[in-house]
S.K.: 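Below is one structure. I have some questions about it.
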Amino acid sequence: MTAIAFWHDTCIKAFDGDEWANHIILFITGSQQSSPSVFQVVLPSLQDSTRDSSAQTLESLGFTLNPNSYSYEIPLTQWQEMTRVQREARRTWHEQQQLLLSRHLDQLLTTLPSLSYTHPQRLALIQEFSRDHRKNPGSVPFLSQITGFLAFQLQHPHTLAEWQVQEYLLTQNGQEASVHYIQFLCVLGLQLVYRDCIPPQHTTTQQEIKDMLRRLPPHQDTEPHYRESSIPRTLATDTPEMTP
């Protein structure tokens, strides 16, 4: 395996969470020195085993030992090529991860659970989801849009609102979060649709939506993601207001 191929594999392993690969990348980029023609890495004071392992890895990457300074060196042009390979590896890794997340999302959407909840059960699940995710930075965009969607539906009582959900919103926080998001959409009673020629739908009442919003973080999203559909909305008589 060439030094560049070894570096590429090390980068991919680091992106996948390999501790040693991540250590090597942080070690090289964090202890670097360079001159107009040479890139240097100085070995810190480490335990002998770690020091020897780091030195061996540097040699596999094409570094050579400078005995005068006990630093490892490669030509600056070679380091520039390594940084280019690292950027390309990161881009490729992100593309592969997004493809995996997209496929996972497709599987989730084809196996949507068909469950029914009483209104108190639904509110309890909404409150639990809000508590678990409102402080998760990766969940903020999803929470912001779902609260905005419910608020938009509340403003349009006679037709169903449509939420044009970007796939990235459901996948960017990882597979586990995607499962939670899809399950939560089912709890809310949302349906995945691809066309408007659908008969009138019996939906949650205005008061039930108000109850849901009171258990979610404050709405801060704007409205470009939402629109009125042509699907009539059939409402049952609103239930008495529920307190948190």
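This one's a predicted model, so the numbers in the text were calculated from it and none came from an experiment. Values below: all heavy atoms of this structure, side chains included; hydrogens, waters and symmetry mates excluded.
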S.K.: What I'd like to find out is whether the side chain of Y117 reaches to under 4.5 Å of the side chain of V187, using heavy atoms alone.
M.R.: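 In short, these two side chains touch, coming nearer than 4.5 Å.
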S.K.: For E167 versus Q98, what's the shortest heavy-atom pair and its separation?
M.R.: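 Taking every non-hydrogen atom into account, OE2-NE2, 3.9 Å.
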S.K.: Compute the centroid of each ring, for H156 and then for F152, and state whether the two points are separated by less than 6.0 Å.
M.R.: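 When the ring centroids of H156 and F152 are compared, they turn out to be within the sub-6.0 Å range.
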S.K.: Kindly give the heavy-atom pair with the smallest separation between C11 and Q86, and that separation in Å.
M.R.: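 Closest heavy-atom pair between C11 and Q86: SG-CG, 3.7 Å.
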S.K.: If you define the side chain from C-beta out and look only at heavy atoms, does anything of F142 sit under 4.5 Å from H133?
M.R.: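 The answer is no, as the side chains (C-beta and beyond) never meet within the 4.5 Å cut-off.
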S.K.: Considering only heavy atoms from C-beta outward, does the side chain of E73 approach that of S71 to under 4.5 Å?
M.R.: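 When only atoms from C-beta onward are counted, S71 and E73 do touch, with a gap below 4.5 Å.
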S.K.: What class does the angle between the rings of F129 and F184 fall in, given that below 30° is parallel, 30 to 60° is tilted and above 60° is perpendicular?
M.R.: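 Correct class here is parallel.
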S.K.: With a sphere of 6.0 Å drawn around CD of E19, does it hold more than 12 non-hydrogen atoms of other residues, nucleotides or ligands?
M.R.: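 No, because the 6.0 Å sphere around CD of E19 holds 12 heavy atoms or fewer from other groups.
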S.K.: Does a salt bridge link E88 with R84, judged by any charged N lying under 4.0 Å from a carboxylate O?
M.R.: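 Salt bridge between E88 and R84, a charged N being under 4.0 Å from a carboxylate O: no.
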S.K.: How close do Q172 and G138 get, heavy atom to heavy atom, and via which atoms?
M.R.: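 Between these two residues, the closest heavy atoms are NE2-O, 2.6 Å.
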S.K.: Closest approach of V85 and H8, non-hydrogen atoms and distance?
M.R.: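 Closest approach of V85 to H8: CG1-CB, 3.9 Å.
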S.K.: Please check if the side chain of Q127 supplies one atom and the backbone of A124 the other of a donor-acceptor pair under 3.5 Å.
M.R.: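 Absent.
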S.K.: For Q175 and L100, which heavy atoms make the closest approach, and how far apart are they?
M.R.: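 Looks like NE2-O, 4.4 Å.
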S.K.: Has W7 got a side-chain atom pairing as donor or acceptor with M82's backbone, closer than 3.5 angstrom?
M.R.: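 Side chain of W7 to backbone of M82: a pair is present.
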S.K.: Tell me, with the steps shown, if S139 and Y181 meet side chain to side chain donor-acceptor pair (under 3.5 Å).
M.R.: CA-CA 9 Å; S139 292; Y181 297 163; 2.8 Å; yes
S.K.: When you measure from the side chain of R215 to the backbone N and O of S130, does any donor-acceptor pair fall under 3.5 Å?
M.R.: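 No; zero donor-acceptor contacts below 3.5 Å.
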S.K.: Just wondering, do T57 and W20 contact through their side chains at under 4.5 Å, heavy atoms?
M.R.: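 In contact.
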S.K.: Do Q80 and T77 meet the criterion of a side-chain donor-acceptor pair at a distance under 3.5 Å?
M.R.: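 No.
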S.K.: Indicate the atoms forming the closest heavy-atom contact of L101 with G174, along with that distance.
M.R.: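 So the two residues come closest at CD2-C, 3.9 Å.
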S.K.: Could you tell me if the side chain of L108 sits less than 4.5 Å from the side chain of L170, heavy atoms only?
M.R.: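 Side chain of L170 against side chain of L108, heavy atoms only: no contact under 4.5 Å found.
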S.K.: Does R134, at its CZ atom, have more than 12 non-hydrogen atoms belonging to other residues, nucleotides or ligands within less than 6.0 Å?
M.R.: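 Yes, because the 6.0 Å sphere around CZ of R134 holds more than 12 heavy atoms from other groups.
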S.K.: Ignoring hydrogens and geometry, is there a side-chain-to-backbone donor-acceptor pair from T147 to S144 under 3.5 Å?
M.R.: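 Side chain of T147 to backbone of S144, a donor-acceptor pair under 3.5 Å: yes, one is there.
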